[in-house]
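Down below is the structure, laid out as structure tokens.
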Amino acid sequence: MEERKILWLALILYMTTAPVYCRYYSRSVPYASSRKKVSKLHFFFHDRISGKNPTSVLIARPNITKDGKSQELPFGSLFAVYDPLTIGPEPTSGVIGHAEGLYVMSSQDVLTLVTYLDFGFTSGKFNGSSISVFSRNPVTEKERELAVVGGRGKLRMARGFVELKTHFTNETASDTIVECHVTVIHH
Ligand SMILES: *[C@@H]1O[C@H](CO)[C@@H](O)[C@H](O)[C@H]1NC(C)=O
Ligand SMILES: *[C@@H]1O[C@H](CO)[C@@H](O)[C@H](O)[C@H]1NC(C)=O
Ligand SMILES: *[C@@H]1O[C@H](CO)[C@@H](O)[C@H](O)[C@H]1NC(C)=O
């Protein structure tokens with residue numbers, strides 16, 4: 001008798017706690033926008049195409065010519081990126097994360113890239129969090145702006161922008177140091 005009681009209890013417990021798979025969405029509730037915060041971040045990123053330890057590598061390029069000459073980095077060239085982010089402009093100043101992803105040469109006249117990058121942080125308050133940047137990047141302009149379209153961790157639901165300013169560029173080595181001012185609204 002006692003055993004049967006326990007069995008019934010177990011069954012009731014199971015029925016009340018087991019997930020019911022009948023819908024793939026939850027009830028929509030008002031959006032608590034007042035919980036949002038604004039954060040500003042400041043750092044530098046280092047992009048090096050050449051040398052012993054490149055941080056960006058060419059992974060594909062079309063075989064096209066312009067005016068009978070083959071171009072070194074034609075429209076359509078695609079790079080994989082693992083650029084260190086540092087607190088100061090010197091490459092030796094503390095690394096606080098990496099920009100990881102892709103960029104593609106996206107214009108047939110002026111040198112323009114479209115960047116698909118995840119800026120992830122590995123120290124401080126935002127350790128383990130990242131922002132998703134998806135934007136065109138007219139690299140020949142000294143000051144430019146990229147769109148932040150999302151974020152992870154403490155930067156969840158991030159929206160905002162990154163103001164970029166070229167700090168240093170070595171044309172021969174395709175070595176660039178870029179100053180970033182990020183403004184994001186997030187949860
Ligand atoms: C491009 O393609 C042509 C024809 O197939 C070939 O002869 C040439 O070597 C290729 N160039 C490069 C840079 O791959
Ligand atoms: C960042 O987070 C990782 C994983 O939680 C931890 O191992 C690491 O020590 C942290 N680094 C800093 C600098 O806080
Ligand atoms: C630019 O890069 C080249 C090749 O790595 C190097 O020889 C040169 O010293 C660099 N110039 C500056 C100003 O850093």
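In what follows, residues are counted from 1 in the order of the sequence shown. Source: prediction; values computed, not measured.
For the atom pair Leu117 CG and Leu102 CG, the distance stands at 8.0 Å (nearest 0.5 Å). Considering CG of Leu58 and CD1 of Ile49, their distance stands at 8.5 Å, rounded to 0.5 Å. Rounding to the nearest 0.5 angstrom, the gap separating the OG atom in Ser56 from the CG atom in Asp175 is 10.0 Å. Taking NZ of Lys142 as the reference point, atom OG1 of Thr166 lies at 6.5 Å (rounded to 0.5 Å). Rounding to the nearest 0.5 Å places NZ of Lys40 at 8.0 Å from CD of Glu163. Atom CG of Leu113 sits about 5.0 Å away from atom CG of Asn137, to the nearest 0.5 Å.
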Practice task
Please assess Thr55 against Asp83 for the test side chain to side chain donor-acceptor pair (under 3.5 Å), listing each intermediate value before the final yes or no.
Solution key: CA-CA 5 Å; Thr55 63; Asp83 284 349; 2.7 Å; yes
Exercise for the section: Evaluate the side-chain contact (heavy atoms from CB on, under 4.5 Å) criterion for residues Tyr116 and Val81: first the C-alpha distance (whole Å), next the side-chain angles of each, then the deciding distance (0.1 Å), finally the verdict. Expected result: CA-CA 9 Å; Tyr116 308 85; Val81 181; over 6 Å; no
Problem - From CA spacing to verdict: side-chain contact (heavy atoms from CB on, under 4.5 Å), Thr86, Ile177 - result: CA-CA 10 Å; Thr86 59; Ile177 300 171; over 6 Å; no
Exercise for the section: Decide side-chain contact (heavy atoms from CB on, under 4.5 Å) for Tyr103 and Asp47; before the verdict, give the C-alpha distance in whole Å, the side-chain angles of both, and the deciding distance to 0.1 Å. Expected result: CA-CA 12 Å; Tyr103 57 75; Asp47 187 71; 3.0 Å; yes
Exercise for the section: Evaluate side-chain contact (heavy atoms from CB on, under 4.5 Å) for Val178 paired with Arg144, printing each intermediate quantity in order. Expected result: CA-CA 11 Å; Val178 181; Arg144 48 208 189 272; 3.9 Å; yes
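Within the 4.5 Å cutoff, no side-chain heavy atoms of His186 are placed close to those of Arg156. Using a 4.5 Å heavy-atom cutoff, the side chains of His42 and Glu179 are in contact. Side-chain atoms of Phe79 and Leu73, non-hydrogen and from C-beta on, do get closer than 4.5 Å to each other. A heavy-atom distance below 4.5 Å is not found between the side chains of Phe119 and Val162. Annotation: side chain of Leu146 is in contact with side chain of Leu164 (closest heavy-atom distance under 4.5 Å). Proximity of Val182 to Phe43: side-chain heavy atoms (C-beta onward) are separated by under 4.5 Å at one or more points. In this structure the side chain of Val110 never reaches within 4.5 angstrom of the side chain of Pro138, judged on heavy atoms. His98 has its side chain within reach of Pro84: a pair of non-hydrogen atoms, C-beta onward, lies under 4.5 Å apart.
In terms of modelled atom types and a separation under 3.5 Å, the side chain of Arg136 and the main chain of Thr112 share no donor-acceptor contact. Within the 3.5 Å criterion, the main-chain N or O of Ala147 finds a donor-acceptor partner in the side chain of Ser135. A donor-acceptor pair under 3.5 Å is absent between the side-chain atoms of Ser39 and the main chain of Val184, judged by distance alone.
Shown here is Ile87, whose CD1 atom has no more than 12 heavy atoms of other residues, nucleotides or ligands within 6.0 Å. Residue Arg159 places its CZ atom among 12 or fewer non-hydrogen atoms of other residues, nucleotides or ligands, all under 6.0 Å distant. Shown here is Phe75, whose CZ atom has more than 12 heavy atoms of other residues, nucleotides or ligands within 6.0 Å.
Taking every heavy atom of both residues into account, Pro62 and Gly76 meet most closely at CD-C, 3.7 Å. Residues Leu85 and Gly120 approach most closely at CD1-O, 4.0 Å, considering heavy atoms. Summarising the geometry of Ser93 relative to Pro89, their closest heavy-atom pair is OG-N, 4.4 Å, with the distance given to 0.1 Å.
Side-chain heavy atoms closer than 4.5 Å link hydrophobic residues (I, L, V, M, F, W, Y) into clusters, and following such links, possibly through other members, connects Val57 to Val114. Linking Ile, Leu, Val, Met, Phe, Trp and Tyr whenever their side-chain heavy atoms come within less than 4.5 Å leaves Val149 and Met157 in two separate clusters.
Between His167 and Phe44, the ring planes are perpendicular. Angles over 60° get that label, and only those under 30° would be called parallel.
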